[in-house]
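Encoded as structure tokens, the structure appears first; notes follow it.
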Amino acid sequence: MSKKYETVIGLEIHAELSTNTKVFCSCSAEFGGETNTHICPRCTGQPGALPIINKAAVEFAVRAGLTFGCDINRYSRFDRKNYFYPDLPKAYQISQLDLPLCLNGKLELSTGNVVRINRIHLEEDAGKLIHDDYHGESLANYNRCSVPLIEIVTEPDIRSAEEAAEFVSKIGLYLKYLGVCDAKMQEGSIRADVNISLREFGSDKFGERTEIKNMNSMRGIQRAIEYEIERQTELLEDGEKNVQETRKFDDAMGITKPLRTKENANDYRYFPEPDILAVTFTDEDIENIRKDIPLLPHEKVAKYVNDYKLSEEDARVITLEKYLSDFYDETVAIYPEYKKVANMFLTEIMRRVKDTDAEEIPIAAKDFAKIVEMSETNVVNRNDAKDIIRVMFEEGGDPMEIAKAKNYIVVEDTSAISEVVDKLLDERPDLIADYFNGKTNVFGFFMGQANRALRGKATPMSVKEYIEKALKEREPKQ
Ligand code: ADP
Ligand code: MG
Ligand code: ZN
């Protein structure tokens, strides 16, 4: 059966900015902290306390806007969005309605679909409620009140669950590269509201949409969308219409449930925020912010391929996460053997961090640079270098010290090399004959045997040279 309905999705992504302080006061904006310690009269809405705007938050938002190709409004304003909720002690949120910082951007997905970004505005986060079912009470933690957020709103251009997930993860990755958000979904620093409707293929009118609030995992986003597609398809098949409403996703049940009928802007009685001046920029201000934008993932791939001569595939893997490419960059800044560092990085580092959420490599880049150099210059052999990296990961320590303690340092002993190789060759005249009859893999056999016997006493390079010489001496005369 061919598919009858097209999926239409628009996202509203909230990203917490990683500024040191909150957006309208000087309290710490750090995640966590002891309950109700990152607070002051401003972020808890005490009468008479006035907000002061955090310049870094504005710059972070503009950095994101420029990266996603937005126009930056030279004159931007804040508005009060009024509503009561126990985690919002002011009973209003300072946000931006009709003059946001950034308008009209876009981001391309791997499907080739270019998703338009309607706007990016700056606003403040609310606190957090902790529901204690056992004692039947709810507690409020205001540490998160007024942590800066940007909201990125897309046009309804996304066409599948996979595209939605890719969009969210790509936004997160770019924000991390920009240094404006740590994009840790599990800590809530990226949350997405998913708007979804269906329409018959070929129709130019959108259907009524459902808004699924506050999705905070990639898997959840996909499952919620898949469930909604099923639910709305059934409605349409039964000749009914979807109703515009806000729903939430129940992760355990794998279904969405109604929360409330959709509110609209009027319900919030928005009005211009009287306590904050408008934000204005000159062209020079904007250029100064643009100058601070670091290399983005696709630009790093290009640099690795063009300047460092890595394969496109390797360059992609290293740039999959910012902390990985930062570590690689730091290493090659110390030991600029780009390919050699990449090879060891892709095997020995990647496999140890790829299944962790820590986003951290527990060894120092300078120590990694040192062990790669030790391996490349035959101070230790390659397999021992790998074992040293294992020890560095598991126990820490300096690579040279570990190498000494484990007797891995190669001390060349030329008489041992000739002794071992000559003996090996003299025991196997049959193989030497094979070799000169064109069976060149015999060479590899001798290499393997000799390296094993000479561990710690010779570099593979010297062993290779000596075997070549010894074979030549044994070449049968015509
Ligand atoms: P509101 O002001 O009610 O929040 P917006 O026009 O700002 O509505 O849209 C909010 C989000 O909903 C945007 O991401 C937009 O792309 C998306 N959206 C709007 N209409 C639809 C629709 N019919 N189907 C799916 N998504 C939609
Ligand atoms: Mg909205
Ligand atoms: Zn405060």
Side-chain angles (χ1 to χ4, degrees), residues 5-14 19-30 33 36-46 49-54 57 79 81 83 89-90 94-98 100 103-107 113 115-121 123-127 141-148 151-161 163-164 167-168 171 191-200 203-213 215 221 224-225 228-229 232 236 241-247 260-268 270:
Y5 302 108
E6 182 178 37
T7 307
V8 174
I9 298 167
L11 297 173
E12 296 161 276
I13 299 176
H14 289 92
T19 50
N20 295 324
T21 57
K22 293 185 176 181
V23 60
F24 301 122
C25 63
S26 53
C27 292
S28 165
E30 206 182 322
N36 290 319
T37 54
H38 300 172
I39 57 171
C40 74
R42 290 199 175 93
C43 54
T44 53
Q46 306 301 309
L50 295 174
I52 299 167
I53 195 158
N54 179 342
D79 299 280
K81 183 180 183 182
Y83 64 102
K90 289 206 295 257
I94 302 180
S95 182
Q96 300 193 286
L97 185 62
D98 43 22
L103 286 169
N104 303 326
K106 58 183 189 308
L107 183 65
N113 185 5
V115 177
R116 290 167 300 159
I117 292 171
N118 171 285
R119 58 192 280 140
I120 301 178
H121 69 251
E123 60 184 30
E124 58 183 333
D125 210 345
N141 180 357
Y142 293 147
N143 283 354
R144 204 176 65 181
C145 280
S146 282
V147 167
E151 181 171 340
I152 302 173
V153 183
T154 79
E155 297 295 343
D157 289 346
I158 296 165
R159 292 289 174 269
S160 68
E163 280 196 348
F167 188 88
V168 175
I171 290 276
R191 284 126 44 198
D193 299 340
V194 178
N195 298 271
I196 167 167
S197 64
L198 300 185
R199 65 176 171 188
E200 277 192 37
S203 160
D204 55 5
K205 278 220 304 281
F206 289 132
E208 290 290 353
R209 74 184 135 120
T210 297
E211 177 173 2
I212 315 163
K213 278 283 182 198
M215 300 298 308
I221 290 174
I225 291 173
E228 269 303 303
I229 292 173
Q232 292 185 26
L236 297 177
K241 261 193 178 161
N242 188 28
V243 287
Q244 192 176 340
E245 68 181 355
T246 303
R247 298 174 77 92
R260 53 179 184 260
T261 56
K262 171 82 182 138
E263 67 289 338
N264 54 45
N266 274 338
D267 297 331
Y268 291 113
Y270 275 99

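Atoms within a ligand are numbered from 1 in the order they appear, just like the ligands themselves.
- Remark: ligand 1 atoms within the under-4.0 Å shell around heavy atoms of Pro156 are 16 (O), 26 (N), 27 (C).
- With values rounded to the nearest 0.5 angstrom, Arg119 atom CZ is found 7.5 Å from Glu151 atom CD.
- For the pair Ser197 and ligand 1, the shortest N or O to N or O distance falls below 3.5 Å.
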**OP:** Begin with the C-alpha distance, continue with both residues' side-chain angles, and end with the deciding distance and a verdict on side chain to side chain contact (heavy atoms under 4.5 Å, CB included) for Met215 and Ile225.
**Re:** CA-CA 11 Å; Met215 300 298 308; Ile225 291 173; over 6 Å; no
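- Within the listing of ligand 1, atoms 14 (O) sit less than 4.0 angstrom from a heavy atom of Leu11.
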**OP:** Would you please test Glu228 and Arg247 for side chain to side chain contact (heavy atoms under 4.5 Å, CB included) and show each step?
**Re:** CA-CA 10 Å; Glu228 269 303 303; Arg247 298 174 77 92; 3.4 Å; yes
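- Atoms of ligand 1 found under 4.0 Å from any heavy atom of Phe206 (numbered from 1 in listed order, with element): 23 (N).
- Of all the heavy atoms in Asp157 and Arg159, the pair that sits closest is C-NH1, 3.4 Å.
- Note on the Zn ion (ligand 3): protein N, O or S atoms under 2.8 Å away count 4, no waters included.
- If you take CD1 on Ile152 and CD1 on Ile120, they are separated by 4.5 Å, rounding to the nearest 0.5 Å.
- The closest heavy-atom contact to atom 11 (C) of ligand 1, among the options Leu97, Asn118, Asn195, Thr154, comes from Asn195.
- Near Gly207, meaning under 4.0 Å from any of its heavy atoms, are these atoms of ligand 1: 23 (N).
- Close approach to Val153 involves these atoms of ligand 1, each under 4.0 Å from a residue heavy atom: 13 (C), 14 (O).
- Between atom 1 (P) of ligand 1 and the options Arg209, Glu211, Gln244, Lys205, the minimum heavy-atom separation is to Arg209.
- Between Leu198 atom CG and Thr7 atom OG1 the span is 5.5 Å, to the nearest 0.5 Å.
- Looking at Lys81 and Glu123, no side-chain N of the basic residue comes within less than 4.0 Å of a carboxylate O on the acidic one, giving no salt bridge.
- Between the side chains of Ser197 and Asn242, no donor-acceptor pair of N or O atoms lies under 3.5 Å.
- The pair Glu124-Lys90 meets the salt-bridge criterion, since a charged nitrogen lies less than 4.0 angstrom from a carboxylate oxygen.
- Of the possible polar contacts, none joining the Asp125 side chain to the Ser146 backbone as a donor-acceptor pair under 3.5 Å is found.
- Numbered from 1 in the order shown, with element, the atoms of ligand 1 that lie under 4.0 Å from a heavy atom of Glu155 read 16 (O).
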